[in-house]
Every structure is written in structure tokens, then in C-alpha cells.
Protein chains: 2
Amino acid sequence: MTTVRGARARARIEITAAIKDEARTQLAAEGAAKLSLRAVARELGMVSSALYRYFPSRDDLLTALIVEAYDAIGAAAEKAASETAGQRPLDRWTAVCRAVRAWAVAHPHEYALIYGSPVPGYSAPQDTIVPASRVGLVLIETARSAHTGEGVALPPLPEGLRPEAARLAADIAPDLPPALAVTLVGAWSQLFGLISFEVFGHFHNIVEDREAFFAAAARRLGQDVGLLPRG
Amino acid sequence: MTTVRGARARARIEITAAIKDEARTQLAAEGAAKLSLRAVARELGMVSSALYRYFPSRDDLLTALIVEAYDAIGAAAEKAASETAGQRPLDRWTAVCRAVRAWAVAHPHEYALIYGSPVPGYSAPQDTIVPASRVGLVLIETARSAHTGEGVALPPLPEGLRPEAARLAADIAPDLPPALAVTLVGAWSQLFGLISFEVFGHFHNIVEDREAFFAAAARRLGQDVGLLPRG
DNA sequence: CACAATCAAGAGCAGCGCTCTTATTTCGTA
DNA sequence: TACGAAATAAGAGCGCTGCTCTTGATTGTG
């Protein structure tokens, strides 16, 4: 059904992919700020105006790279989760966190594109919201697997946070206690705080053994969301 | 001693300040990416080449804004700490965190400049490292005030993290137990994880009552660094 | 007073995103 | 199979950018 119609459609797919490939290469090499449509076209042996047949603007090309980056870091998280399927929840949690961090360290510019300063207009395009949620979903799933049945000790919910906690839990994980949902979202953002500080250089001259530091912090985040050291 | 020599020196100081002011205005309005030397010069009624007498490049102007932003957010943290001088450590901690968040929410583009993707070349200029440490120092000081004398229950340090913890503690707070120093650095980066996710839009359609959510998360970070709810 | 430092201004270069026009190639269909 | 429509490539060009170099005027100092 979705077979390629003819030579033209096939060429379009290939050229679109080639543009994204070259753009990703330039992104990885120099960062989003120095990604240039003209340079991409030049490298591909075409003229810049021809490139606009495939991406209507530079921001659209960047959006495509954003989606790819979200998918890549999400896939890394999912891979770590599935590879540790039988293990204890806390070990799975830290494995997922380490996989996310490893991807970020290996792809700093792509990471900056999705978790750094928002580059284009303020609101993220619709295409990005599903890929952007993949890491969070893995974290929720990992935590959920430890919460089938018995309750886990969570800190009491402050009075003023109760409505928000109920709403938030209903949105992202209706089967989990509201306090856990709130903690999960906090741990999610704090995980990327750790990673961003490392990738963006804020640990320069401060944290040296970043692997060990991160592993300990990620493990602690896992305990925060109710994953016990033994069990 | 440091009096202004003559009309020319005085004009130089004023013009330099005017350039920074206008640049900060444009930064706040449109973000770092759209900050243009030519636009700044235009708004100031001068020609673009004249501006290079005051800032040798666009990156140098951006660096000046970075220093200003670090100083502003650091001052906000210090103000919150001094205004809560007599209160309980955990309340002081959350007050500092909220002040930092409030500044970030009020100045999203300036926040993005310092805690988002690093914009210029990879290493931060020397001028930024002292201002950049002000928030962290306030956090350390706030936590230290709760650690005069009696020990506080901290999670055990993993085996592999002991050398790093000792080194890190010696660097940033020799009088504090290594486990606390490690936790502090983690809380520091995780605090900015919470703030960055809010400012950069990752909480869109997820967290609604951001004040309450942040307050609870910040309080929990404070407990992580050993600040007790009562005492 | 004269000399040196400082500065504003202009012209200009190379690069950028993007648009419009023109010519060529491919495709579905009459 | 031939034709008209759609898609594509290429070129020229607009206004913008950061930045450099040169020229001429202003200011401070020996």
C-alpha cells in the first residue's frame, strides 16, 4: 500500500533522508546555532533554493532533527528498560537513567537541541510531543512495576499540592497514587538537571568522576520514587 | 583613585552601559539567538562599526550579559538567604530555591542564556566562573548552617564514590561530611532541572500548579541535604 | 601647541534565510 | 502514446547578519 510510486517519490525520500543526515552531521559537529541550510545544500551538491522543496524553512529542518533526537534518546531508555526486564526495579531505574545519560554525553549537541534552550518559536511543534514523552513513559513504567499491590512509603503530600497531585496523576498514571505521580515528575526533571549540568559544563572543575556521581544520584532518585534497595 | 579621568572616559562608561542595557532589552524580548549587534547600534543611534570599540565581538557582548545574569540570579538567592536569616534551615533552603525559580521565570531568556545550551565556544570565559558559583555558594551556606555540630542522617556513600566524595568535599566545603557535599551538588543540579523544565516548557500540559509543585520538590531537596522539617 | 590616542562613520566582504522566476524533468491521464 | 499538470533544479536577488578596513574628526596629554 505504502509502496513507493515511482522514481520521483523514491528520490524524494532518499534526498530528504540525505538532507537530514547531513544536517545531523553538521549539528553534531558545530551545534544548532551554526547549522546552515546553505552549507547542507553545498555539501549535498545542490543549490540552497532547491532544498526548500524538502524543508520549507530552517526551523522545519531543525524540528525534524528534534524529533529524531527525542526518538533516539527515548529508544535508548526503552532499550535499557527491556534489557533489564527481570531485574529489581531500582536496578532497572538506574539502568534507564544511565542509558539516557550515556546518550546525552555521546550526543551533546543533539541533547542541547531538545533539553537546552528552546531554539525556534516558543511552543514545540505538535510532531514533537509524542517522541518527547518516551523517556518519561519509560520512567513511569519502571516505577509502576514496583507498585503492583503493596503500598510504598512516600512522603506526605503537602496540603496545597493535593489538587494538583490528583489532576497530574489522573493525566499521566491513573493507577498510581498521586503522591507517587508528583514525585515521578519531579524525579524526571531532576534527572535531566543532573545530565544537563554535566553536558553543559556546569560540573567543570567540580565533579570529576561523573559516572560514579551520576550513578549514585540516579539511584537516589529511584529511591525517591519508592524503589527499594532490596526487593 | 578610580575616579573618571575626563569626559571621554565618562562617556565610554555610559555608552558601554547603554549598549549592555539595550542588549539586555533585546535579549529579554527575543532571546539570545536574535540578539543583533546591528540592531543594538541602530537603537542607540550609532553605526554598527562604532560598537566594536566597546565590545570586540558579539560573543563578548553576550559574555557580559551572561555575567550580569549570573550576578542577578546569585543576588536573588543571596537576598532570600539574608532575609530568612533567623529561620529554620529547611525554610531558608526552600526560600532560596523559590527566589531562584522566581528570577528564572521572570527572566526566561536570561535564564536560558546561563542554564540552557551553551551558546559561544565550548568553555565558559574566565569572567563567568565566580558569578556562576553564587547560587551554589548560597545553597552550601544554607545547608552548612544546619550542620554545626550534630550529625544528620545521610544515606551511605557507595563504595565507588568515596574518593570522588572526599575530593569534592575538600574542594567546595572542607568542613562538611563528604556524603553531604555530594548530595549538595546533586541537589544543586536537580534544582535547576526543575527550573529548566518549567522555563523551557517541558511541563506544558503536565504540571499546572507550578508554584506548589516546585515548592514541594524544593522542600524535598532540602530534606535530601539533611535539613529536618522540624528543628 | 603638537602629537598620540580615541572614536564615529562609511564602504565593503562573505555569509545567512528566504523568495521569485525560469527551465527541465517526471507523472497521471485523456 | 501524447499532452497537460505537477514536481524539481537552478539562478538571481533582497535584506539581514558579524566583522574588517579606511578615513576623518574629536579629545587628552607631553
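Each chain gets a letter, A, B and so on, in the order the sequences are listed, and its residues count up from 1. Values below: every heavy atom of this structure, side chains too, minus hydrogens, waters and symmetry copies.
- In this structure, CD1 of A:Ile19 is placed 11 Å from P of D:dT8, rounded to the nearest angstrom.
- A distance of 12.0 Å separates CZ of A:Arg58 from CG of A:Leu51, quoted to the nearest 0.5 Å.
- Annotation: the terminal axes of the helix from C:dC1-D:dG30 to C:dA30-D:dT1 meet at 0°, where each axis is the rotation carrying the C1' atoms of four end pairs onto the next four (5 pairs per end, rounded to 10°).
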_Set out, in order, the CA-CA distance, both residues' side-chain angles and the distance that settles salt bridge (Lys or Arg N to Asp or Glu O under 4.0 Å) for B:Arg167 and B:Asp171, then state yes or no._
CA-CA 6 Å; B:Arg167 195 202 53 69; B:Asp171 264 19; 3.3 Å; yes
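- In terms of phosphate contacts, A:Tyr52 brings no side-chain nitrogen or oxygen within less than 4.0 Å of OP1 or OP2 of D:dA10.
- Spacing between atom CD of A:Glu14 and atom C1' of D:dA9 amounts to 17 Å, rounded to whole angstrom units.
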Strictly under 3.5 Å: I want the nitrogen or oxygen pairs between protein and nucleotides 10-16 of chain C, one per line.
from	atom 1	to	atom 2	distance (Å)
C:dG10	N7	B:Ser49	OG	3.4
C:dG10	O6	B:Ser49	OG	2.8
C:dC16	OP1	A:Ser36	OG	2.9
C:dC16	OP2	A:Arg42	NH2	2.5

Pairs under 3.5 angstrom, nitrogen or oxygen only, protein versus nucleotides 24-26 of chain C, please.
from	atom 1	to	atom 2	distance (Å)
C:dT25	O2	A:Arg8	NH2	3.0
C:dT26	O2	A:Arg8	NH1	3.4

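- Below 30°, between 30° and 60°, or above 60°: for A:Phe192 and A:Tyr111 the angle between ring planes is below 30°, a parallel geometry.
- In this structure, A:Leu62 places its CG atom 12 Å from C1' of C:dG17, rounding to the nearest Å.
- Salt-bridge formation is not detected for the pair B:Glu14/B:Arg10: no Lys NZ or Arg NE/NH1/NH2 atom is positioned less than 4.0 Å from an Asp or Glu carboxylate oxygen.
- With A:Arg92 contributing its side chain and A:Thr84 its backbone, the two residues share a donor-acceptor pair below 3.5 Å.
- If you measure from atom CZ of A:Arg53 to atom P of D:dG11, you get 15 Å, rounded to the nearest angstrom.
- Distance from the side chain of A:Met46 is smallest to D:dA10 among C:dA8, C:dC18, D:dA10.
- Note: B:Leu61 CG to B:Arg24 CZ = 10.5 Å, rounded to the nearest 0.5 Å.
- Electrostatic pairing of A:Glu164 and B:Arg210 does not count as a salt bridge here, judged by no charged N lying under 4.0 Å from a carboxylate O.
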Walk me through it: do B:Arg220 and A:Thr183 pass the test side-chain contact (heavy atoms from CB on, under 4.5 Å)? CA-CA 10 Å; B:Arg220 186 145 175 179; A:Thr183 309; 3.2 Å; yes
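- Using a 4.0 Å heavy-atom cutoff across all strands shown, A:Phe55 reaches no nucleic acid atom at all.
- One atom, CG of B:Leu61, and another, C1' of D:dC19, lie 14 Å apart when rounded to the nearest Å.
- Distance CG (A:Asp60) to C1' (C:dC18): 13 Å, rounded to an integer number of Å.
- The side chain to side chain contact (heavy atoms under 4.5 Å, CB included) with B:Ile195 is formed by just one residue from the set B:Ile73, B:Val105, B:Val100; it is B:Val100.
- Using a 4.0 Å cut-off, no side-chain N or O of A:Arg12 falls inside it from OP1 or OP2 of D:dA7.
- Taking OG of B:Ser57 as the reference point, atom CG of B:Leu62 lies at 8.5 Å (rounded to 0.5 Å).
- The aromatic rings of B:Phe197 and A:Tyr115 sit parallel to each other, their planes meeting at less than 30°, with 60° as the upper class boundary.
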